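Contents: one structure, followed by commentary.
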Number of protein chains: 2
Amino acid sequence: MTAGDRASRGARQASRDPLSREQIIDAALAFVDERGLDALTMRALAQELGVYPTALYWHVGTKAQLLSAVSARIFEEVALPGAGELPWDAWLAMMARQCRAAIHRHPNLAPIVGSHLVVTTTAIPLVERVIVVLEGAGLAGEELLHVYNSLIGFVLGWVTLELSIEPADAEEGWKDDFARQLRSLDEVAFPALTRNMSLMANNAFMTRWDSGRAKPMDRSFDAALDLLVRGVRASLR
Amino acid sequence: MTAGDRASRGARQASRDPLSREQIIDAALAFVDERGLDALTMRALAQELGVYPTALYWHVGTKAQLLSAVSARIFEEVALPGAGELPWDAWLAMMARQCRAAIHRHPNLAPIVGSHLVVTTTAIPLVERVIVVLEGAGLAGEELLHVYNSLIGFVLGWVTLELSIEPADAEEGWKDDFARQLRSLDEVAFPALTRNMSLMANNAFMTRWDSGRAKPMDRSFDAALDLLVRGVRASLR
DNA sequence: ACCTGAACACCGTTCAAGT
DNA sequence: ACCTGAACACCGTTCAAGT
């Protein structure tokens, strides 16, 4: 460890107050937003804060715990209308779109949100209000539980997939390669896909090469959300 | 690099034939299944194969490319009924359950499947048959695209979330801690949640502490799938 | 309580050299 | 074509020591 590990112009250089856990989480979130998940190392973050890497451990425990705290921030950013201001179906659709928007604001965190268990109370206000609305729609018991899981699982999961990480630039022309592979597919073996290729190419899961970061799938999300809410509506009778 | 990096009893010790790309991918899949995603390093995998780490690079390019190839294997394992054997809605539900089952067979890969762009032709047969069935249900054009994305995004995303990674054992009693936090929630601030706590605790996204790996969410998945298919059915009229 | 400084046991990857 | 062997530039984390 050399003195060069400390930043010459870190945020800490100006403010000589001691580090805080909150400050570290804020810095980590900004870091991931700007430079990506892979670039976040304890050493690089420490340098950004003008501090030795090991100082972080005193505040946040471990890198995994830091990341978990950072991803929890996303749920605080979800802005919801008050319960009762909207009919239940409009409220749920609104909630879903607000969740998606919050994740889209931090796309580099999507892999964490989507694949790490959320064990934080910061999401509890959101949970509470969803339950209130579902009860308002006439749901209770097991049925309420399953509809809740359907909605939350759909939103968080679908958006995680939408924002998938693109392969690194190991092979440069991989996008063109994949596009070409799709275009030259055997139309005898795959008649339906080749017939709909202009529709599917780069627009559908498994036949796209741009991530939702570059090419958001707004229309498909709205459609999926509509189908799910329709399903709930139908099941209420 | 010392000679100890090579395995003393690796699979390679017995078979002296040269490595192959397929063999490496197979070994990596088995490795991840047994020892987890974090345990997979190029060095450890090389040792398992009785070879120097750098030998892997000649065959698979890079670790990211290897992981992408490994996760593609999951889609080959999805067993589907022939198109036309079932009504469209039953076929789609079957497809969804088979996809979920395939991912559940390799839960440690869920984070990769859920958060890395799929750019492989191994999933094309699946795509083809889904389109055939959707066309059979009377869908075409944009509507077909959106329903396709709704279904695939739901299945892959929802299951990724279901199989979320649990926090490491940094703090040992974190499960009890979280459970206690939930139980001691203010019932004035969170009346709906506290009222339904026995229903929600460890059964719902954001209020559970066991991953779907230990505690599969079968009922909720089936319910969600049913709601979505109901929605599609309703939208066909 | 909070941070430094050194050290440990790893990583992924490149590249020249061998066969 | 396929693999070895050494080396580079990193990692996360622990721990004793300082203030």
Side-chain angles (χ1 to χ4, degrees), chain A residues 1-8 10-13 15-25 27-28 31-32 35-70 112 165 167-171, chain B residues 1-8 10-13 15-25 27-28 31-32 35-70 112 165 167-171:
Chain A
M1 187 61 41
T2 79
D5 268 8
R6 272 165 298 166
S8 41
R12 194 96 181 310
Q13 198 76 352
S15 68
R16 288 279 72 186
D17 11 67
L19 271 180
S20 74
R21 186 181 145 84
E22 292 306 297
Q23 187 188 352
I24 294 173
I25 296 170
F31 191 105
V32 170
R35 300 162 60 177
L37 199 54
D38 286 344
L40 181 74
T41 68
M42 297 300 272
R43 295 170 123 101
L45 181 60
Q47 179 167 335
E48 193 81 13
L49 287 163
V51 100
Y52 275 75
T54 46
L56 303 181
Y57 286 84
W58 197 90
H59 294 279
V60 298
T62 187
K63 186 183 180 182
Q65 288 174 29
L66 171 59
L67 272 175
S68 160
V70 170
I112 304 294
I165 296 168
D169 35 343
E171 316 162 27
Chain B
M1 185 62 40
T2 80
D5 267 7
R6 272 165 300 166
S8 40
R12 193 95 181 310
Q13 198 76 350
S15 69
R16 288 278 74 187
D17 10 68
L19 272 180
S20 73
R21 186 181 145 84
E22 293 306 297
Q23 187 188 351
I24 295 173
I25 296 170
F31 191 105
V32 170
R35 299 162 61 179
L37 199 54
D38 285 345
L40 181 74
T41 68
M42 297 302 271
R43 296 170 123 101
L45 181 60
Q47 180 167 332
E48 193 84 12
L49 287 163
V51 99
Y52 274 75
T54 47
L56 302 181
Y57 286 85
W58 198 90
H59 293 280
V60 299
T62 188
K63 186 183 181 184
Q65 287 173 31
L66 171 59
L67 272 174
S68 160
V70 171
I112 304 294
I165 297 167
D169 35 343
E171 315 162 29

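Note that this is a predicted model, so its numbers are computed, not measured. Throughout, a chain's letter reflects where its sequence line sits, starting with A, and its residues are numbered from 1.
Side chains of B:L49 and B:L56 form a contact here, defined as non-hydrogen atoms less than 4.5 Å apart. A heavy-atom distance below 4.5 Å is not found between the side chains of B:V70 and B:L40.
Atom pair B:L40:CG and C:dG12:C1' shows a separation of 12 Å (rounding to whole Å applied). Rounded to whole Å, the distance from CD on A:Q23 to P on C:dC3 is 9 Å. As a whole-Å value, the separation of B:L66 CG from C:dT13 P is 10 Å. Rounded to a whole Å, the CG atom of A:L56 is 13 Å from the P atom of D:dC11. Remark: P of D:dC11 and CG of A:D38 are 11 Å apart, rounded to the nearest angstrom. Atom P of nucleotide D:dT13 and atom CZ of A:R43 are separated by 11 Å, given to the nearest angstrom. Rounded to a whole Å, the CE atom of B:M42 is 21 Å from the P atom of D:dA7. Rounded to whole angstrom, the span from the NZ atom of A:K63 across to the P atom of D:dT14 amounts to 14 Å.
Heavy atoms only, all atoms of each residue included: A:A69 and A:R21 are closest at CB-NH2, 3.8 Å. A:A46 and A:Y52 make their closest contact through CB-C, 3.8 Å (heavy atoms, listed as atom of the first residue, atom of the second, distance). Minimum interatomic distance between B:L66 and B:M42 (heavy atoms only, all atoms of both residues): CD2-SD, 4.2 Å.
In terms of phosphate contacts, B:H59 brings a side-chain nitrogen or oxygen within less than 4.0 Å of OP1 or OP2 of D:dC3. For the OP1/OP2 pair of C:dC3 and a distance below 4.0 Å, the side-chain nitrogens and oxygens of A:Y52 include no atom meeting the criterion.
In the set C:dT4, D:dT13, C:dT13, D:dT13 carries the atom at the smallest distance from any side-chain atom of A:T62. For A:T41, taking side-chain heavy atoms from C-beta onward, the closest of the listed nucleotides C:dC3, D:dC11, D:dT13 is D:dC11. Taking the side chain of A:P18 as heavy atoms from C-beta on, and the options C:dC2, C:dT14, D:dC2, the nearest nucleotide is C:dC2. Side-chain atoms of B:Y57 lie closest to C:dG12 of the nucleotides C:dG12, D:dC3, C:dC3. Of the candidates D:dG5, D:dT13, D:dC3, D:dT13 carries the atom nearest the A:T54 side chain, counting heavy atoms from C-beta on.
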Pair pattern of DNA chain C in dot-bracket, where unpaired bases get dots and | marks partners in another strand, Watson-Crick or G-U under 3.5 angstrom:
||.|||||...|||||.||
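Under the side chain to side chain donor-acceptor pair (under 3.5 Å) criterion, B:R35 pairs with B:E48, not counting sequence neighbours.
Note that CG of A:L45 is 10.5 Å distant from CD1 of A:I25, once rounded to the nearest 0.5 Å.
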